[in-house]
Q: 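The following block contains the structure, expressed as structure tokens.
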Amino acid sequence: MQLGLIGLGKMGGNMRERIRRAGHTVVGYDRNPEVSDVASLSELVDKLEAPRTVWVMVPAGAATQSVVDELGELLSPGDTVVDGGNSRWSDDEKHAEELGAKGIGFVDAGVSGGVWGLQNGYALMVGGDKEHVDRLQPIFHALKPEGPYGYVHAGKVGAGHFSKMVHNGIEYAMMQAYAEGWELLEKVESVDSVREVFRSWQDGTVIRSWLLDLAVNALDEDEHLDKLKGYAQDSGEGRWTVEAAVDNAVPLPTITASLFARFASRQDDSPQMKMIAALRNQFGGHAVEAKK
């Protein structure tokens, strides 16, 4: 099968290689000419035989909208666009309507696997009409991990990215739990090696996971994480998960707390903690530390 792939960064570049290894033809485009197979989106489209499939792996929002708009002018009825980036599910509905008016199919694909995807495969959560999804099965099969799991047609347009958004919200909470446990273990004098405690959890425990394995990898590289600054960015999907929970009146206290913890990590001198310290001093006479 032929595929056009737009965006050849850490994810897109490895996806191109994995699909090619499965025997498919991939024409890749990236703004970086050193990794691109063609010089423009127009050239990419010209190199594909109809009905064409073009997979988009660019940042969510304006960048994705710009590419979708351009593809809407370049592609023909019967072609299909797949958005495999981390777009908001509500954008998928808009893109599907815009492209559908021109006879172009649209599929949204939540993709998980990160930099390990080339080796291990990518988990795929897909949304869209059955006719479009079915035609793309050879590509999905090439990308997914070996075995029965790692792929789902989650529902109609938007379902793939919504599922991936919730996946990432759960990921936030799991990482926060490991981080809190790690900090507590580091704090007490009785534990000689937090790294080895984490390593012992990798087999036979109910909290073993790939994230735990990655935590052990990180501790092997920097046992006490002394080289890192306590600052964590968020991709936006954690925020969207919390917003969706509010819209649907679904309580998500753990995921919400993990998102707010990331916000707190960006404050070297937290205003919130200043107020808490001041109030504790007012009602209980607790000591406060003056700013030096």
Q: Tell me if a side-chain donor or acceptor on S36 pairs with a main-chain N or O of A39 at a distance below 3.5 Å.
A: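 No, S36 side chain to A39 backbone: no donor-acceptor pair under 3.5 Å.
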Q: Is the shortest heavy-atom distance from the side chain of D222 to the side chain of D226 under 4.5 Å?
A: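 Side chain of D222 against side chain of D226, heavy atoms only: contact under 4.5 Å found.
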Q: Within the side chain of H161, is there an N or O that forms a donor-acceptor pair under 3.5 Å with the backbone of G85?
A: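 Between the backbone of G85 and the side chain of H161 there is a qualifying donor-acceptor contact (under 3.5 Å).
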Q: V197 and M175: same hydrophobic cluster, using ILVMFWY side-chain contacts below 4.5 Å?
A: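 In one cluster with V197: M175, yes.
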Q: So how far is it from L3 CG to W55 CH2, rounded to the nearest 0.5 Å?
A: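 Atom-to-atom, L3:CG and W55:CH2 are 7.5 Å apart.
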Q: Show, in sequence, the C-alpha distance, side-chain angles and deciding distance for D37 and K47, and conclude whether the salt bridge (charged side-chain N to carboxylate O under 4.0 Å, His left out) test is met.
A: CA-CA 10 Å; D37 300 317; K47 285 185 174 293; over 6 Å; no
Q: Supply the atom-to-atom distance M165 CE to N86 CG, rounded to the nearest 0.5 angstrom.
A: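 If we round to the nearest 0.5 Å, M165:CE and N86:CG are 11.5 Å apart.
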Q: Could you name each residue pair satisfying side chain to side chain donor-acceptor pair (under 3.5 Å) that touches residues 243-262, not counting sequence neighbours?
A: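 Sorted result for residues 243-262: R88-E243.
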Q: So, for P51 and G78, which heavy atoms are closest and what is the spacing to 0.1 Å?
A: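 Here P51 and G78 meet closest at CB-O, 3.4 Å.
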Q: Around atom CD of E97, are there more than 12 heavy atoms of other residues, nucleotides or ligands at under 6.0 Å?
A: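 Atom CD in E97 is not packed in, count stays at 12 or less.
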Q: Please determine whether side chain to side chain contact (heavy atoms under 4.5 Å, CB included) holds for the pair K144 and Y149, giving the CA-CA distance in whole Å, both sets of side-chain angles, and the decisive distance to 0.1 Å.
A: CA-CA 8 Å; K144 70 178 288 294; Y149 306 117; over 6 Å; no
Q: Would L5 and Y29 count as a side chain to side chain contact (heavy atoms under 4.5 Å, CB included) here? Give the steps.
A: CA-CA 6 Å; L5 182 58; Y29 170 74; over 6 Å; no
Q: Between R16 and G28, what is the shortest heavy-atom contact and its length?
A: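 Nearest heavy atoms, R16 then G28: NH1-CA, 4.4 Å.
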Q: Side-chain heavy atoms under 4.5 angstrom apart, residues restricted to Ile, Leu, Val, Met, Phe, Trp, Tyr: same cluster for V54 and F106?
A: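 In one cluster with V54: F106, yes.
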Q: Would the distance check show the side chain of R208 and the main-chain N or O of T205 forming a donor-acceptor pair, the cut-off being under 3.5 Å?
A: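 Yes: the side chain of R208 pairs with the backbone of T205.
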Q: What's the separation between atom CG in L212 and atom CG in D203, rounded to the nearest 0.5 Å?
A: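 Those atoms lie 10.5 Å apart.
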Q: Hydrophobic clusters here meaning ILVMFWY residues chained together by side-chain heavy-atom distances under 4.5 Å, can you tell me if V133 and M57 are in one?
A: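 Yes; M57 is reachable from V133 via cluster members.
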Q: Between R199 and D220, is the closest basic N to carboxylate O distance under 4.0 Å?
A: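 The answer is yes: the pair qualifies as a salt bridge.
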Q: Return yes if some donor-acceptor pair links the side-chain N/O of H153 with the main-chain N/O of G128 below 3.5 Å, else return no.
A: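 Looks like yes, one N/O pair under 3.5 Å.
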Q: If you define the side chain from C-beta out and look only at heavy atoms, does anything of Q176 sit under 4.5 Å from I255?
A: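 No, their side chains stay 4.5 Å or more apart.
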Q: Between E183 and K187, does any side-chain N to carboxylate O distance fall below 4.0 Å?
A: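 Between K187 and E183 there is no salt bridge, as every charged N stays at least 4.0 Å from the carboxylate O atoms.
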Q: Under a plain distance cut-off of 3.5 Å, with no hydrogens placed, do Q2 and H24 share a side-chain donor-acceptor pair?
A: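 Result is no, nothing qualifies.
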Q: Within the side chain of S163, is there an N or O that forms a donor-acceptor pair under 3.5 Å with the backbone of A159?
A: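 Between the backbone of A159 and the side chain of S163 there is a qualifying donor-acceptor contact (under 3.5 Å).
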Q: If I take atom CH2 from residue W89 and atom CD from residue E237, how far apart are they, to the nearest 0.5 angstrom?
A: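 One finds 10.5 Å between CH2 of W89 and CD of E237.
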Q: Rounded to the nearest 0.5 Å, how far does CG of L74 lie from CG of L48?
A: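 It comes to 11.0 Å.
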Q: Evaluate M11 against V111 for side chain to side chain contact (heavy atoms under 4.5 Å, CB included), listing each step before the verdict.
A: CA-CA 9 Å; M11 285 276 283; V111 183; 3.6 Å; yes
Q: Starting from the C-alpha separation in whole Å, work towards a yes-or-no answer on side-chain hydrogen bond (donor to acceptor under 3.5 Å, both in side chains) for Q65 and D69.
A: CA-CA 6 Å; Q65 184 66 60; D69 289 344; 2.8 Å; yes
Q: Can you check whether L71 reaches I6 side chain to side chain, under 4.5 Å on heavy atoms?
A: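 Sidechains of I6 and L71: in contact.
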Q: On a heavy-atom basis, which atom in W210 and which in G113 lie closest, and how many Å separate them?
A: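 Minimum heavy-atom contact is CH2-O, 4.0 Å.
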Q: State, yes or no, whether a side-chain contact exists between M1 and T25 at a heavy-atom distance under 4.5 Å.
A: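 Heavy-atom side-chain distance check fails, nothing below 4.5 Å.
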Q: Looking only at heavy atoms, which two atoms of A249 and P251 are closest? And how far apart?
A: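 In terms of heavy atoms, the two residues are closest at O-CD, 3.8 Å.
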Q: Looking at every non-hydrogen atom in both residues, tell me the closest pair between V157 and D92 and how far apart they are.
A: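 Heavy-atom minimum between the residues: CG1-O, 3.5 Å.
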Q: Quick one: does R195's side chain get under 4.5 Å of F198's, heavy atoms only?
A: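 With C-beta onward as the side chain, the pair stays apart.
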Q: Can you run down the side chain to side chain donor-acceptor pair (under 3.5 Å) pairs that involve residues 75-84, sequence neighbours left out, and say none if there aren't any?
A: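 Matches after skipping sequence neighbours: R52-D79, T80-R135, D83-S87.
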Q: State plainly whether one hydrophobic cluster holds both V26 and L136, where clusters connect Ile, Leu, Val, Met, Phe, Trp and Tyr through side-chain heavy atoms under 4.5 angstrom apart.
A: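 They do share one cluster, since a chain of ILVMFWY contacts under 4.5 Å joins V26 to L136.
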Q: Does Y151 reach the side chain of L143, with side-chain heavy atoms less than 4.5 Å apart?
A: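 When only atoms from C-beta onward are counted, L143 and Y151 do not touch, as no gap falls below 4.5 Å.
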Q: Quick test of your reading of the model: are D108 and K164 salt-bridged, counting only N-O distances below 4.0 Å?
A: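 No, this pair does not count.
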Q: Nearest 0.5 Å, what's the NE2-CG distance between H95 and D91?
A: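 Between atom NE2 of H95 and atom CG of D91 there are 5.0 Å.
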Q: Do V166 and Y122 share a hydrophobic cluster, counting only Ile, Leu, Val, Met, Phe, Trp and Tyr and linking them when any side-chain heavy atoms are less than 4.5 Å apart?
A: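 Each belongs to a different hydrophobic cluster.
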Q: If you apply the rule side chain to side chain contact (heavy atoms under 4.5 Å, CB included), what do you find for V81 with V107, and how did you get there?
A: CA-CA 6 Å; V81 172; V107 171; over 6 Å; no
Q: Evaluate the side-chain proximity of K102 to E73: yes if any heavy-atom separation is below 4.5 Å, no if none is.
A: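 A side-chain contact exists here, since the closest heavy-atom pair is under 4.5 Å.
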